[in-house]
Amino acid sequence: MTISLSKGQRIDLTKTNPGLTKVVVGLGWDTNKYSGGQDFDLDASAFLLHEDGKAKGADDFVFYNNPSGGSASVTHTGDNRTGEGDGDDEQVGIDFSKVPVNIQRIGIAVTIYDYASRAQNFGQVSNAFVRVVDASSDREVLRYDLGEDFSTETAVVFCEFYRQGADWKFQAVGSGFTGGLSAICKNYGLDAQ
């Protein structure tokens with residue numbers, strides 16, 4: 001049975017799902033009626049965070065141009081440039097058993113590519129969600145539907161996974177930023193130009 005979460009909620013992920021080591025994080029969205037003449041290209045990314053809450057370099061930042069990080073514990077499955085169709089628009093795989101011990105959190109964010117020249121923002125996006133699927137059984141473990149809380153934001157941290165002892169937990173974040181990918185990178189300690 002899938003557990004549905006609200007913004008700010010946390011859940012024990014590995015403790016309540018014994019044996020769970022590999023997950024697929026599916027992210028999806030639709031665009032509202034929009035006549036700007038450009039496709040919406042939303043991009044998922046993962047930030048592997050150290051104890052200070054910051055990423056330290058390229059191996060800590062996983063996205064379509066750097067599809068693997070954290071000693072191959074986090075992988076991006078590819079760029080969907082239109083978001084067309086049902087289901088997940090982009091996916092990130094996480095193997096908790098391979099996450100380096102110095103990584104305490106993994107932030108999952110979605111940004112709008114080329115938002116400034118296309119005049120796009122999350123106010124034009126609807127039905128955004130993140131879901132966590134057990135990779136071994138294809139069973140959806142939890143889901144967080146973001147709702148319609150955004151207007152001018154061009155980047156959103158959907159969720160974070162965090163380590164507590166030997167277990168991993170999940171937090172539904174839903175925090176928006178203006179400034180696209182560079183704003184999210186700055187938030188997580190990286191300089192993206």
Side-chain angles (χ1 to χ4, degrees), residues 1-32 40 42-49 51 53 55 62-63 70 73-77 80 83 85-97 99 103-112 121-178 183-184 187-188:
M1 183 175 107
T2 300
I3 297 173
S4 292
L5 299 177
S6 301
K7 183 176 179 170
Q9 280 189 294
R10 299 169 188 251
I11 188 169
D12 283 322
L13 190 60
T14 56
K15 188 181 282 187
T16 57
N17 295 281
L20 181 69
T21 58
K22 294 180 184 177
V23 297
V24 174
V25 182
L27 302 124
W29 50 82
D30 295 319
T31 54
N32 299 333
F40 260 73
L42 276 65
D43 296 315
S45 53
F47 294 85
L48 287 80
L49 309 173
E51 196 167 323
V62 176
F63 67 112
S73 62
V74 179
T75 54
H76 191 288
T77 62
N80 176 338
D86 293 331
D88 299 340
D89 291 312
E90 292 195 7
Q91 294 180 330
V92 173
I94 302 174
D95 184 341
F96 294 116
S97 69
V99 175
I103 300 301
Q104 298 301 306
R105 286 183 173 266
I106 301 169
I108 306 292
V110 175
T111 57
I112 300 174
N121 60 57
F122 271 92
Q124 299 158 323
V125 174
S126 59
N127 304 319
F129 68 86
V130 58
R131 66 191 195 108
V132 176
V133 176
D134 181 339
S136 66
S137 67
D138 206 31
R139 178 181 63 92
E140 185 174 285
V141 176
L142 63 85
R143 181 182 184 97
Y144 167 42
D145 293 301
L146 269 71
E148 311 295 320
D149 297 336
F150 306 103
S151 55
T152 62
E153 292 85 350
T154 54
V156 176
V157 175
F158 277 39
C159 64
E160 288 185 351
F161 296 88
Y162 62 99
R163 194 188 298 262
Q164 189 164 43
D167 294 311
W168 283 90
K169 298 187 176 200
F170 175 94
Q171 179 179 4
V173 177
S175 181
F177 294 80
T178 56
I184 291 280
N187 176 65
Y188 283 133

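Owing to the predicted nature of the structure, the values given are computational and were not obtained by experimental measurement. Only this structure's heavy atoms are used, side chains among them; waters, hydrogens and symmetry mates stay out.
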Worksheet entry | Short side-chain to backbone donor-acceptor contact, H76 and S45, under 3.5 Å |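 No, the answer is negative, given that no donor and acceptor are paired below the 3.5 Å cut-off.
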Discussion item. When you measure from the side chain of S73 to the backbone of D95, do you find a donor-acceptor pair of N or O atoms at a distance under 3.5 Å?
Written reply: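 Between the backbone of D95 and the side chain of S73 there is no qualifying donor-acceptor contact (under 3.5 Å).
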Return the [atom1] to [atom2] distance between [X] and [Y], rounded to the nearest 0.5 Å.
{"X": "L20", "Y": "K15", "atom1": "CG", "atom2": "NZ", "answer": "14.0 Å"}
{"X": "N17", "Y": "T14", "atom1": "CG", "atom2": "OG1", "answer": "8.0 Å"}
{"X": "T75", "Y": "K22", "atom1": "OG1", "atom2": "NZ", "answer": "9.5 Å"}
{"X": "I184", "Y": "F47", "atom1": "CD1", "atom2": "CZ", "answer": "6.5 Å"}
{"X": "W168", "Y": "R105", "atom1": "CH2", "atom2": "CZ", "answer": "9.5 Å"}
{"X": "D30", "Y": "Q124", "atom1": "CG", "atom2": "CD", "answer": "14.0 Å"}

Practice prompt. Give the intermediate values and the outcome of side chain to side chain contact (heavy atoms under 4.5 Å, CB included) for residues V23 and F96.
Written response: CA-CA 8 Å; V23 297; F96 294 116; 3.9 Å; yes
Worksheet item: With a cut-off of under 6.0 Å to the ring centre and 45° to the axis, is R10 in cation-pi contact with F170?
Response: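 The answer is no; the distance or angle limit is not met.
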Fill in: Worked verdict on D167 versus K169 for salt bridge (charged side-chain N to carboxylate O under 4.0 Å, His left out)
CA-CA 7 Å; D167 294 311; K169 298 187 176 200; over 6 Å; no
Practice prompt. Give me the one residue out of V156, L27, L5 that meets side-chain contact (heavy atoms from CB on, under 4.5 Å) with V130.
Written response: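 Among V156, L27, L5, the one that satisfies the side-chain contact (heavy atoms from CB on, under 4.5 Å) with V130 is L27.
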Just wondering, do [Y] and [X] contact through their side chains at under 4.5 Å, heavy atoms?
{"X": "D89", "Y": "W29", "result": "yes"}
{"X": "F122", "Y": "I112", "result": "yes"}
{"X": "L146", "Y": "F129", "result": "no"}
{"X": "R163", "Y": "V99", "result": "yes"}
{"X": "Y162", "Y": "Q171", "result": "yes"}
{"X": "I11", "Y": "Q9", "result": "no"}
{"X": "R143", "Y": "I3", "result": "no"}
{"X": "F161", "Y": "L13", "result": "yes"}

Practice prompt. Evaluate the side chain to side chain contact (heavy atoms under 4.5 Å, CB included) criterion for residues L49 and I106: first the C-alpha distance (whole Å), next the side-chain angles of each, then the deciding distance (0.1 Å), finally the verdict.
Written response: CA-CA 6 Å; L49 309 173; I106 301 169; over 6 Å; no
For [X] and [Y], work out which heavy atoms get closest and say how close.
{"X": "N121", "Y": "G123", "value": "OD1-N, 2.7 Å"}
{"X": "G70", "Y": "L48", "value": "CA-CD2, 3.5 Å"}
{"X": "V141", "Y": "D134", "value": "CG2-N, 3.9 Å"}
{"X": "A172", "Y": "S6", "value": "CB-O, 3.5 Å"}
{"X": "T152", "Y": "T178", "value": "O-CG2, 3.7 Å"}

Item to complete: Applying side chain to side chain contact (heavy atoms under 4.5 Å, CB included), run through F177 and T154 and close with a yes or a no.
Response: CA-CA 6 Å; F177 294 80; T154 54; over 6 Å; no
Practice prompt. Please assess Y144 against V173 for the test side chain to side chain contact (heavy atoms under 4.5 Å, CB included), listing each intermediate value before the final yes or no.
Written response: CA-CA 9 Å; Y144 167 42; V173 177; 5.9 Å; no
